[in-house]
Amino acid sequence: MHHMTLAEIARGLADKKFSSEELTQVLLARIAQLDPQLNSFISLTEELALSQAKAADARRANGEAGALLGAPIAHKDLFCTQGIRTSCGSKMLDNFKAPYDATVVAKLAAAGTVTLGKTNMDEFAMGSANESSYYGAVKNPWNLEHVPGGSSGGSAAAVAARLLPAATATDTGGSIRQPAAFTNLTGLKPTYGRVSRWGMIAYASSLDQGGPLARTAEDCAILLQGMAGFDPNDSTSIDEPVPDYSASLNGSLQGLRIGVPKEYFSAGLDPRIAELVHNSVKELEKLGAVIKEISLPNMQHAIPAYYVIAPAEASSNLSRFDGVRFGHRCENPENLIDLYKRSRGEGFGAEVQRRIMVGAYALSAGYYDAYYLKAQKIRRLVKNDFMAAFNEVDIILGPTTPNPAWKLGAKNSDPVAEYLEDVYTITANLAGLPGLSMPAGFVDGLPVGVQLLAPYFQEGRLLNVAHQYQMNTDWHTRTPTGF
Ligand code: GLN
């Protein structure tokens with residue numbers, strides 16, 4: 001039962017082959033048995049899951065239908081869940097029970113999903129390896145000595161290990177697409193404003209976006225359908241109608257113009273990944289796509305710009321965790337300053353403290369123009385590059401990451417080495433564009449992802465291309481040994 005995709009589960013439930021309660025029990029038992037190897041969950045919500053499953057079965061018995069009715073999922077532990085710990089992977093929020101549900105959580109619950117638990121993540125979503133969590137590192141089911149990617153590493157490892165069919169995740173600079181690539185999943189970062197950020201604990205507000213992690217494009221379409229839509233509670237949510245994503249999956253790729261940026265194939269890219277990217281291009285050409293070389297000339301400035309803007313926003317967003325308004329409070333403070341210093345010093349881990357310091361520095365009087373303002377100007381140039389490219393092509397294709405998943409601990413002493421791994425993903429966040437990563441092969445037994453980028457609100461086009469690719473390849477069906 002645990003091998004089923006969301007689409008297969010929906011069919012099985014509709015055909016009364018099993019109930020949501022039965023499926024939920026199977027998956028909870030599987031999590032109890034296998035998750036100790038992976039550490040992909042921070043909290044399990046067995047009681048909630050079983051009551052939601054029973055309610056979904058009752059709704060189906062009453063004649064209701066729906067692709068998500070009775071579907072088991074999990075939420076990355078930065079989506080607020082009412083009455084349930086929402087830790088953001090941090091000691092700071094270890095005992096925080098959210099007083100309300102995030103819009104994404106509420107929408108998916110209304111659609112009938114069953115919440116199995118809250119997944120592990122890098123602390124405050126800062127990282128590309130899921131090693132900065134207060135609850136310990138997550139392991140990659142493809143090789144337990146390697147990282148699963150981050151920051152949504154818990155959601156990715158759990159779905160890849162078939163502990164559940166799909167999970168929510170968020171992407172500020174790649175945290176849906178990069179763990180998808182590292183664990184052989186399909187992950188979609190929607191257009192900025194497509195999915196509500198209300199109740200999603202902020203890292204960098206102008207970059208953060210929630211989206212689905214699943215095994216297939218078809219399942220990403222189903223989960224995104226339940227997540228997307230205008231939310232008056234989020235001032236950056238965009239009031240655009242949500243198309244039927246599943247309906248667009250089967251469109252023909254005849255004549256589709258795919259742009260491949262020449263800057264993507266620089267020295268930093270593992271040549272074995274470059275070869276897999278070229279193979280995926282050939283596959284799409286067979287399906288009727290037309291390939292064109294394009295240029296994104298400002299790409300080389302994106303990492304420094306991102307690693308100014310994201311920490312700047314983080315330093316501001318995280319000021320609320322001070323031991324008074326929110327978060328961990330130290331024991332026996334001597335005075336107010338001592339309370340702030342020790343509460344924040346004890347509550348935040350090293351990477352979060354580093355980002356707060358970088359961000360506060362970049363925003364400080366005298367340095368603002370040199371760093372933050374400059375970074376915002378680069379951001380505009382990055383966006384302009386994409387706008388020019390999308391005048392010529394319908395989709396941009398390239399690697400999701402320059403290397404496959406590295407060994408646990410390999411980059412711990414060198415944060416910049418880890419930042420450089422985000423080179424292909426962060427530009428979509430800077431520009432607010434939708435991006436998808438899909439499985440495209442293996443290097444040394446570790447999965448490799450190909451990234452597709454599309455113009456604003458063209459999530460349907462990304463899902464269409466990925467689905468057609470998946471109908472003609474079998475990379476996405478490979479399962480890690482032991483799971
Ligand atoms: N690796 C990037 C960072 O650490 C992106 C993380 C994310 O998308 N949440 O900022």
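Residue numbers start at 1 and run along the sequence shown. Indexing begins at 1, ligand by ligand and atom by atom, following the structure's order. In this text, all values refer to a predicted model and were calculated from it rather than measured experimentally.
- Taking 4.0 Å as the cut-off between side-chain N and carboxylate O, Asp322 and Arg325 count as a salt-bridged pair.
- With a heavy-atom cut-off of 4.0 Å, Asp422 touches ligand 1 through its side chain alone.
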inquiry  = One pair to check against side chain to side chain contact (heavy atoms under 4.5 Å, CB included): Leu78 and Thr170. What are the steps and the verdict?
reply    = CA-CA 9 Å; Leu78 54 54; Thr170 62; 3.4 Å; yes
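- An N or O contact shorter than 3.5 Å links Tyr203 to ligand 1 by distance.
- Under a 4.0 Å heavy-atom criterion, Arg355 is in contact with ligand 1.
- Within 6.0 Å of CZ on Phe326 lie no more than 12 heavy atoms contributed by other residues, nucleotides or ligands.
- Remark: ligand 1 atoms within the under-4.0 Å shell around heavy atoms of Ala125 are 6 (C), 7 (C), 9 (N).
- Heavy-atom contacts of Gly173 reach the following atoms of ligand 1: 5 (C), 7 (C), 8 (O) (cutoff under 4.0 Å).
- Residue Met126 has at least one heavy-atom neighbour below 4.0 Å for each of these atoms of ligand 1: 4 (O).
- Counting non-hydrogen atoms of neighbouring residues, nucleotides and ligands closer than 6.0 angstrom, the CD atom of Glu275 reaches no more than 12 such neighbours.
- Atoms of ligand 1 lying under 4.0 Å from any heavy atom of Asp171, numbered from 1 in the order shown and given with element: 8 (O).
- Summarising the contacts of atom 7 (C) of ligand 1 with Gly150, Ala310, Gly127, Ser175, the nearest heavy atom is found in Ser175.
- Residues Lys139 and Glu145 are not paired through a salt bridge, judged by the lack of any N-O separation under 4.0 Å between the basic side chain and the carboxylate.
- Ionic pairing of Arg272 and Asp444 is present here: one or more N-O contacts between side-chain nitrogen and carboxylate oxygen are shorter than 4.0 angstrom.
- By the neighbour-count criterion of 12 heavy atoms within 6.0 Å, atom OH of Tyr307 is densely surrounded, having more than that number from other residues, nucleotides or ligands.
- Among all non-hydrogen protein atoms, the one lying nearest atom 5 (C) of ligand 1 is Tyr306 OH, 3.3 Å.
- In Tyr419, neither the side chain nor the backbone holds a heavy atom less than 4.0 Å from any atom of ligand 1.
- At a threshold of 4.0 Å, the pair Asp171-Lys189 does not count as salt-bridged, since none of the basic side-chain nitrogens sits closer than that to a carboxylate oxygen.
- Among all non-hydrogen protein atoms, the one lying nearest atom 3 (C) of ligand 1 is Tyr307 OH, 3.3 Å.
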